[in-house]
Amino acid sequence: MNPLYRIAGRAVDRAFGLPPAAVPYVLRPDAGVPMTDGVVLLGDHYRPAGHDRPLPVVLIRSPYGRAGLAGFLFAAPVARRGFQVFIQSTRGTFGSGGQFRPFLSEREDGLATVAWLRDQSWCDGQVSMTGGSYLGHTQWAVAPYVDPPLRSVSLNITAAKITAAFYDHGAPGITNALSWTGLIGKQERGGPLSAIPNPRQLARVKRALRKVPLQAADVDVAGAPVAFWRDFVGHAAPADAFWAGADHDGADLTRLPPVSMVTGWWDLFLPEQLRDYAAIRAAGVMARITVGPWLHADPGELKMITQQDIAWLDHHLGGAPPPPGAPVRVFLQMAGTWLDFDEWPPPAAVGTAHYLRVSGGLSLDAEPGDAAPGTFVYDPADPTPSAGGPLLQPPGKQAGNAAIEARADVLTYTTEPFHADQDLVGPVRALIFVRTDRQYADLFVRVCDVDVKGVSRNVVDGIRRLSPQTVPAPDVRVGDDEVLAVDVELYPTAYRVRAGHRIRVQLSGGAFPRFARNLGTPEPFGAATRALRCRFEIYHDSRHPAHVLLPILPRR
């Protein structure tokens with residue numbers, strides 16, 4: 001092996017917190033794998049040097065390349081620990097044939113690849129898969145369907161229902177979608193560092209997001225049309241059958257092999273991944289999950305993924321003892337500690353309703369009697385801005401919310417200071433009673449932590465897109481006054497609100513540019529150009545007990 005590769009490998013191992021490993025391997029690049037339609041996909045084969053007998057295979061299917069940075073980060077750390085690895089470029093990427101239409105062909109291509117591997121003389125028939133994000137999606141596309149089953153999977157920072165990350169309860173997440181569009185649209189002509197965010201590219205994305213219509217924004221950030229963006233803007237209608245082959249939340253989970261998961265509290269796939277974990281355990285499948293204080297693909301998240309994946313492979317392919325620890329391990333933010341549970345959500349966490357009061361308070365007691373609703377007007381020409389949150393690329397996570405809360409199109413409701421620490425651990429929901437003068441509107445709900453100096457920082461949030469196609473189900477009309485009881489799912493969390501701090505709830509008509517502006521019309525969001533203001537009335541009285549449900553973990 002080239003000495004420079006050995007030096008680079010040691011540096012990668014140190015960065016991932018892995019113990020030194022120096023198992024020599026032989027690399028055979030560009031192995032062709034035929035698909036059922038005749039397209040050939042290319043893969044790089046890592047095999048321990050000096051081994052002639054058949055061995056298990058760790059399969060990695062990636063749209064981000066096989067050599068260079070992708071090989072160093074995804075395949076080589078596993079190969080250096082004695083595993084046979086096959087890393088394959090997905091259809092239409094890095095030399096593989098066909099067109100790259102993300103998420104649409106991974107089931108057929110993945111199943112054909114596993115069958116091909118099992119036919120090779122150097123494979124003993126045992127196949128595990130590993131990786132995160134899109135590499136996790138390619139595992140979801142195979143694991144519930146392949147026969148015989150895989151030995152193990154590592155479904156990191158991904159989700160069975162992948163489209164939930166595109167359209168958050170109906171609201172298109174345009175910042176994340178356009179950022180990824182720019183990455184995949186330029187990755188094969190932008191050099192080895194093209195995947196790393198840079199100020200020029202971030203500025204391009206920011207400018208493109210403000211244009212209308214949005215359907216050609218891919219050209220602004222990638223220099224040419226990108227199939228994913230055109231699919232994203234063209235198939236945003238609720239339950240569009242176009243995405244049927246991309247989502248795997250309806251698969252038979254009992255067919256899954258043992259599952260390892262890593263994600264972060266600020267990861268865009270978090271809510272669906274925690275839902276997946278609970279469903280996998282309910283199906284009787286062995287699974288474990290770690291949730292840390294990370295944004296998508298944070299260095300700390302990648303480090304944990306690599307460590308946990310290698311330990312998982314050591315156990316299921318190498319015969320090592322099972323990794324120690326509880327099935328559920330979560331980081332309690334603002335406390336700097338890890339919590340262990342046997343299941344998610346933790347049964348001990350009590351959902352406590354905090355009611356919106358007409359005075360702007362947030363109380364354990366509902367508003368008595370009648371009270372006038374709070375009102376604001378959402379203007380798509382001056383949309384309510386977003387700050388922080390679970391973005392695909394930095395900046396994200398927490399941010400100061402003072403400028404947002406000072407706007408006339410935002411309502412806030414705040415508790416009194418807490419006398420003791422409050423640990424919020426579990427799912428968060430809100431029930432908001434709202435009437436709008438447009439049939440097409442968004443309702444954005446955010447929970448913030450207000451410190452002793454009055455600085456408000458976001459903790460979790462959620463959005464619902466309202467339209468005749470989505471209302472009334474699952475919402476409820478209250479009486480004949482067109483008031484809707486809107487159930488809003490916010491992100492789950494594990495977060496300590498310290499003594500002396502307060503909790504604040506924000507209500508608004510959007511969060512731009514994280515989500516596409518709701519222009520108040522039935523036009524598809526990618527083609528829409530006409531914008532209408534929308535007046536909101538937020539009810540919080542004895543007939544409309546609006547509240548946020550916070551999961552309070554009892555003090556131990």
Before giving the answer on side chain to side chain contact (heavy atoms under 4.5 Å, CB included), spell out for E106 and V142 the whole-Å C-alpha distance, their side-chain angles and the decisive distance to 0.1 Å. CA-CA 8 Å; E106 304 306 349; V142 171; over 6 Å; no

Taking only Lys NZ, Arg NE, NH1 and NH2, and the carboxylate oxygens of Asp or Glu, determine whether D247 and K161 approach each other closer than 4.0 Å. no

Working to the nearest 0.5 Å, report the span between CD1 of I174 and OH of Y167. 12.5 Å

Passes side chain to side chain contact (heavy atoms under 4.5 Å, CB included), V486 versus V488? Steps please. CA-CA 6 Å; V486 181; V488 182; 4.0 Å; yes

Indicate the ring-plane relationship of W344 and W265, choosing parallel, tilted or perpendicular according to the 30° and 60° boundaries. tilted

Heavy-atom closest pair, residues L295 and P394: CD2-N, 3.7 Å

Salt-bridge present (D44, R28; N to O < 4.0 Å): no

Using only atom types and a distance under 3.5 Å, with no angle test, would you say the side chain of T138 pairs donor to acceptor with the backbone of R61? yes

Does the pair R275/E489 count as a salt bridge with the N-to-O cut at 4.0 Å? yes

Salt bridge (Lys or Arg N to Asp or Glu O under 4.0 Å): pairs with one or both residues in residues 118-146, sequence neighbours excluded: none

Could you tell me whether D382 and R517 have a side-chain N and a carboxylate O separated by less than 4.0 Å? no

Heavy-atom closest contact (L155 atom, Q273 atom, distance): O-NE2, 2.7 Å

Can you give me the closest heavy-atom contact between F94 and R66, atom names plus distance? O-NH2, 2.6 Å

Can you list everything that forms a side chain to side chain donor-acceptor pair (under 3.5 Å) with Q308? Sequence neighbours excluded, please. S260, T290

Close aromatic pair by centroid cut-off 6.0 Å: F103 and W180: yes

Within the 4.5 Å heavy-atom criterion, are R530 and L519 side-chain neighbours or not? no

Examine distances only and state if a side-chain atom of Q506 and a backbone atom of R446 form a donor-acceptor pair shorter than 3.5 Å. no

Any chance you could measure F100, atom CZ, to E188, atom CD, to the nearest 0.5 Å? 9.5 Å

Interatomic distance, CG@L73 vs OG1@T306, rounded to 0.5 Å, equals 8.0 Å

Minimum heavy-atom separation for S62 and T93, please, with both atom names. O-OG1, 4.0 Å

Spacing of CD1 belonging to I60 relative to OG1 belonging to T90, to within rounding of 0.5 Å: 13.0 Å

Check this for me, if you would: do D220 and R204 make a salt bridge, where the nitrogen-to-carboxylate-oxygen distance has to be below 4.0 angstrom? no

Please check: side-chain N/O of R210 versus main-chain N/O of K206, any donor-acceptor pairing under 3.5 Å? no

Note, V410 side chain near T384 side chain (heavy atom, < 4.5 Å): yes

Charged tip of R533 within 45° of Y378 ring normal and under 6.0 Å: no

Could you give me the CA-CA distance, side-chain angles and deciding distance for Q307 and W312, then say whether side-chain hydrogen bond (donor to acceptor under 3.5 Å, both in side chains) is met? CA-CA 9 Å; Q307 292 177 357; W312 202 241; over 6 Å; no

Hey, is the main chain of S89 close enough, under 3.5 Å, to the side chain of Y64 for a donor-acceptor pair? no

So which atom in P34 and which in G32 form the shortest heavy-atom distance, rounded to 0.1 Å? CD-O, 3.9 Å

Look at the aromatic rings of W243 and F166 and report parallel, tilted or perpendicular, splitting at 30° and 60°. perpendicular

Should D298 and K397 count as an ion pair when the cut-off is N to O under 4.0 Å? yes

Treating Q126 as the side-chain partner and V57 as the backbone partner, does any N or O pair qualify as donor plus acceptor under 3.5 Å? no

Before giving the answer on ring pair (Phe, Tyr, Trp, His ring centres under 6.0 Å), spell out for Y440 and F525 the whole-Å C-alpha distance, their side-chain angles and the decisive distance to 0.1 Å. CA-CA 11 Å; Y440 297 88; F525 89 92; over 10 Å; no

Going through the checks in order, is the side chain to side chain contact (heavy atoms under 4.5 Å, CB included) test met by L391 and Q393? CA-CA 5 Å; L391 298 178; Q393 297 176 345; 5.9 Å; no

Side chains of H316 and P56 in contact at under 4.5 Å (non-hydrogen atoms): no

Heavy atoms, side chains only, cut-off 4.5 Å: are L104 and F242 in contact? yes

Say whether, by atom type as modelled, one donor and one acceptor occur between the side chain of N176 and the main chain of L392 under 3.5 angstrom. yes

Heavy-atom donor-acceptor pair, T113 side chain to D109 backbone, under 3.5 Å: yes

Any donor and acceptor pair, going by atom type alone, linking the side chain of D267 with main-chain N or O of I157 inside 3.5 Å? no

A side-chain contact here means heavy atoms from C-beta on lying under 4.5 Å apart; do T158 and Q139 qualify? no

Any chance you could measure I463, atom CD1, to D442, atom CG, to the nearest 0.5 Å? 4.5 Å

Which pair of non-hydrogen atoms, one from L135 and one from P63, has the smallest distance, and what is that distance? CD1-CD, 4.1 Å

Strictly distance-based, threshold 3.5 Å: is any side-chain N or O of N518 a donor or acceptor partner for the main-chain N or O of G520? yes

How about R438: does its CZ atom have over 12 heavy atoms from other parts shown lying under 6.0 Å from it? yes

Take S154 and D309 through the side-chain hydrogen bond (donor to acceptor under 3.5 Å, both in side chains) test and state the conclusion after the steps. CA-CA 6 Å; S154 298; D309 284 5; 3.2 Å; yes

Yes or no on side-chain hydrogen bond (donor to acceptor under 3.5 Å, both in side chains) for Q84 and Y25, after CA distance, side-chain angles and deciding distance? CA-CA 9 Å; Q84 181 170 226; Y25 58 79; over 6 Å; no

What is the ring orientation for H45 with F86, classed by angle as parallel under 30°, tilted 30 to 60°, or perpendicular over 60°? tilted

Between D218 (side chain only) and W229 (backbone N and O only), is there a donor and an acceptor less than 3.5 Å apart? no

Working to the nearest 0.5 angstrom, can you tell me the gap between E272 CD and D168 CG? 9.0 Å

Applying side-chain hydrogen bond (donor to acceptor under 3.5 Å, both in side chains), run through R151 and S128 and close with a yes or a no. CA-CA 5 Å; R151 286 287 295 167; S128 286; 5.8 Å; no

